[in-house]
Amino acid sequence: MKEILERVKEQLEQSFDEPRSTSLDGAIHELERLKASAGDKRQMIEDVIRAVTHARNARMELAEAGDESATNAFAEAYRALDQAIESYSGVDNDPV
């Protein structure tokens, strides 16, 4: 799960750097699939999906005007992904 979140974070960074050429639709679909198996972290993944969706919607605004609210949407998504990745770090998934 952590790997998927890291991949989505990379896609978010690419979309911020190149908003006209990089879509976040694939990232959102990946997160939707992740949500299905997230268990007790389902709400957190839903929050990440919401934040990435806001960034996707702000993409063209960022490309055209570099608007502060568009930049903030990406920052919020970035923070949400960082927190989600951190929640999967250091987790012992080895069966005993």
Side-chain angles (χ1 to χ4, degrees):
M1 290 194 186
K2 181 179 174 185
E3 294 80 21
I4 293 171
L5 293 167
E6 288 172 341
R7 188 169 47 246
V8 168
K9 185 178 170 184
E10 288 173 14
Q11 292 172 3
L12 180 73
E13 290 169 348
Q14 277 185 309
S15 185
F16 183 77
D17 291 339
E18 302 171 30
R20 292 187 191 275
S21 64
T22 308
S23 171
L24 290 171
D25 292 337
I28 293 169
H29 291 300
E30 278 192 273
L31 290 168
E32 289 288 350
R33 286 193 300 272
L34 179 64
K35 181 177 78 170
S37 61
D40 62 339
K41 296 186 180 194
R42 183 180 174 94
Q43 182 60 52
M44 177 185 60
I45 299 301
E46 286 178 5
D47 293 343
V48 170
I49 291 169
R50 189 174 311 107
V52 173
T53 300
H54 288 304
R56 180 197 64 194
N57 295 342
R59 211 167 43 90
M60 285 299 109
E61 188 178 328
L62 177 68
E64 293 175 15
D67 188 77
E68 184 178 335
S69 64
T71 301
N72 289 341
F74 275 86
E76 179 183 334
Y78 192 86
R79 282 190 300 274
L81 281 161
D82 264 353
Q83 290 173 354
I85 290 167
E86 183 64 30
S87 78
Y88 285 102
S89 297
V91 176
D92 183 9
N93 290 328
D94 292 335
V96 179

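As a basis for the values below, the full set of heavy atoms in this structure was taken, side chains included, without hydrogen atoms, waters or symmetry mates. Owing to the predicted nature of the structure, the values given are computational and were not obtained by experimental measurement. Numbers for residues simply follow the sequence, beginning at 1.
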Legend entry - Spacing of Arg59 atom CZ and Glu64 atom CD [to the nearest 0.5 Å]: 10.5 Å
Legend entry - By side chain to side chain donor-acceptor pair (under 3.5 Å) - contacts of Glu10 (at least two apart): none
Legend entry - Contacts of type side chain to side chain contact (heavy atoms under 4.5 Å, CB included), residue Asp82, not counting sequence neighbours: Lys9, Tyr78
Inset, instruction - Kindly write out the residues that satisfy ring pair (Phe, Tyr, Trp, His ring centres under 6.0 Å) with Phe16, not counting sequence neighbours, or none if the list is empty. - result: Phe74
Legend entry - Verdict with reasoning, Thr22 to Gln11, per side-chain contact (heavy atoms from CB on, under 4.5 Å): CA-CA 8 Å; Thr22 308; Gln11 292 172 3; 5.5 Å; no
Inset, instruction - Go through the structure and list residues passing side chain to side chain donor-acceptor pair (under 3.5 Å) with Glu18, not counting sequence neighbours. - result: Ser21
Inset, instruction - Apply salt bridge (Lys or Arg N to Asp or Glu O under 4.0 Å) to Arg20 and list each qualifying residue two or more places apart in sequence or on a separate chain. - result: none
Inset, instruction - Might you point out which heavy atoms bring Leu31 and Ile45 nearest each other, and give the distance in Å? - result: O-CG2, 3.7 Å
Legend entry - Minimum heavy-atom distance Arg42-Ala36, with the two atoms named: NH1-CA, 4.2 Å
Legend entry - Euclidean distance, Met1 CE relative to Ser87 OG, rounded to 0.5 Å: 10.0 Å
Inset, instruction - Applying side-chain contact (heavy atoms from CB on, under 4.5 Å), run through Tyr88 and Met44 and close with a yes or a no. - result: CA-CA 11 Å; Tyr88 285 102; Met44 177 185 60; 4.0 Å; yes
Legend entry - Non-neighbouring partners of Glu32 that pass salt bridge (Lys or Arg N to Asp or Glu O under 4.0 Å), sequence neighbours left out: Lys35
Inset, instruction - Keeping to residues at least two apart or across chains, list the ring-ring contact (aromatic ring centres under 6.0 Å, His included) pairs with something in residues 21-47. - result: none
Legend entry - Under the side chain to side chain donor-acceptor pair (under 3.5 Å) test, residues paired with Arg7 that sit two or more places apart: Glu30
List, one per line, each side-chain donor-acceptor pair under 3.5 Å for residues 49-58, sequence neighbours excluded.
from  : atom 1 : to    : atom 2 : distance (Å)
Arg50 : NH1    : Asp47 : OD1    : 2.9
Thr53 : OG1    : Ile49 : O      : 2.7
Arg56 : NH1    : Asp25 : OD1    : 3.2
Asn57 : ND2    : Thr53 : O      : 3.4

Inset, instruction - Return yes when atom CD of Gln43 has more than 12 non-hydrogen atoms of other residues, nucleotides or ligands closer than 6.0 Å, and no otherwise. - result: yes
Inset, instruction - Answer yes or no: is there a donor N or O on one side and an acceptor on the other, between the side chain of Ser15 and the main chain of Leu12, under 3.5 Å? - result: no
Legend entry - Partner residues of Glu61 under the side chain to side chain donor-acceptor pair (under 3.5 Å) criterion, sequence neighbours left out: Ser69
